[in-house]
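Sequence positions, counted from 1, serve as the residue numbers for this chain. Counting starts at 1 for both ligands and their atoms, following the listed order. These numbers were taken from a predicted model, which means no experiment stands behind them.
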Amino acid sequence: MGKTIAILTGGGDCPGLNAVIRGVVRSATLERGWKVLGVQDGFDGLVEGPRYLELDLNAVRGILPRGGTILGTSNRGNPFQYPVRGKGGGRLVDVSRQVVENFHKIGAEALVAVGGDGTLKIASQLNDLGVPVVGVPKTIDNDLRGTDVTFGYNSAVGVVTEALDRLHTTAESHQRVMVVEVMGRDAGWIALESGMAGSADVILIPEIPFRIDSICRAIVRRKERGSKFSIVVAAEGAFPAGGDKVVQKTAEENFGVERLGGIGHFIAREIGRCLDMETRVVVLGHVQRGGSPSPFDRILGSRFGVKAVELIESSAFGSMVALRGRSVEAVKISDAVGSLNRVNPDGELIRAAESLGIMVGR
Ligand code: F6P
């Protein structure tokens, strides 16, 4: 008898999730004759219901180029701290037992959990409670340890780079400073790499607290050299030296995760105080998470899906697939979560950026 396995996608969506789902379904069914169940809306589908659908070859036909996730996702459904509405407001309850019961109820022998830090932490805890889990690292932020890169990141960098190319022509025509705020939470990868690819003049990341006077000096220097416009890329988690990041909602107000956003407007205001130049702010927001995955993410997501099935076959539970160099390997989920993969402020990438004349805020 073939196995029955389940897959869910948790946390914020990103391009490439469908590539993973398709990779799991195709390698499990075509090569092994297994049955695959897709749990809907992240862990919510195991808290309620259970809600799931059978994923056969027809269900995954044509989904490789599609953004988002055909299974739905949620970044509010931590079963160990599940938000429940009641009289006088909400409270957090532990419904993990219910999740374990529902997992067994659907008849699955293993669970592929596709997600970022939050989802994989939950997956690891469920593994300890007897749900055999294999993790797949996802996030546009690229802030997970254990893997050289997460899928979704390359697509997001592509979107931001294209936006920067487009903003260059309008910034130049109007001789403006364009401040472009990008996602990434507390890691500056998206800002740094898309800023380098999109020829930004200033790149501000959470790993290097910035100084407004240095930014203004860099813009003036460019002007003196004949470039009358500037592009400033700011990670949403960037903050001024001696100051704080801009938080829209605290973790307490937002299901355990801070909602960032607004630093772009702060920077534009401050630049306006020291320079007599027109400044505009562009917040790219969820555009960075939407749309079709890049070829790189389609391939990486597919390879991750195939590897996840291999790990289930060899009962390597509690592990996560990871890109190491050029090969896809297994690492322990616990080695990947807990602390973030952030940009090294003294590393080669920052040095290269500075050598190219990009100002990084110090
Ligand atoms: O982690 C991915 C991410 O897009 C972050 O870059 C961003 O801060 C956050 O999710 C936005 O979350 P939400 O979709 O809940 O607004």
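Ala352 and Met196 make their closest contact through CB-CE, 4.2 Å (heavy atoms, listed as atom of the first residue, atom of the second, distance). When all heavy atoms are compared, the tightest approach of Gly290 to Pro15 is O-CG, 4.0 Å.
Residue contacts with ligand 1, taken as heavy atom pairs separated by less than 4.0 Å, do not involve Gln288 at all. Counting heavy atoms closer than 4.0 Å to ligand 1, residue Asn75 contributes side-chain atoms (C-beta onward) but none from N, CA, C or O.
Ion pairing between Glu101 and Arg97 fails under the 4.0 Å rule for side-chain N and carboxylate O.
When Met183, Arg76, Arg259, Glu236 are checked for heavy-atom proximity to atom 8 (O) of ligand 1, Glu236 turns out nearest.
At least one cation-pi condition fails for Arg298 and Phe151: the charged atom is not both under 6.0 angstrom from the six-membered ring centre and inside a 45 degree cone around its axis.
Not a single heavy atom of Gly116 sits less than 4.0 Å from an atom of ligand 1. Assignment of Asp141 to the shell around ligand 1 is supported, since a heavy atom sits closer than 4.0 Å.
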Checking Glu224 against Arg221 for the salt bridge (Lys or Arg N to Asp or Glu O under 4.0 Å) test, could you report, in this order, the C-alpha distance in whole Å, the side-chain angles of both residues, the deciding distance, and whether it holds?
CA-CA 5 Å; Glu224 288 165 356; Arg221 260 201 312 275; over 6 Å; no
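The shortest N or O to N or O distance between Ile140 and ligand 1 is not under 3.5 Å.
Each of the following atoms of ligand 1 lies closer than 4.0 Å to a heavy atom of Gly184: 6 (O).
Among protein heavy atoms, atom 13 (P) of ligand 1 sits closest to His286 NE2, 3.6 Å. Of all protein heavy atoms, the one closest to atom 4 (O) of ligand 1 is Arg289 NH1, 2.8 Å. At the top of the distance list for atom 9 (C) of ligand 1, counting protein heavy atoms only, stands Arg185 NH2, 3.7 Å.
Put simply, the side chain of Val202 does not reach to within 4.5 Å of the side chain of Phe210, judged on heavy atoms. Contact annotation: the side chain of Thr69 never approaches that of Val20 to less than 4.5 Å [non-hydrogen atoms, C-beta and beyond].
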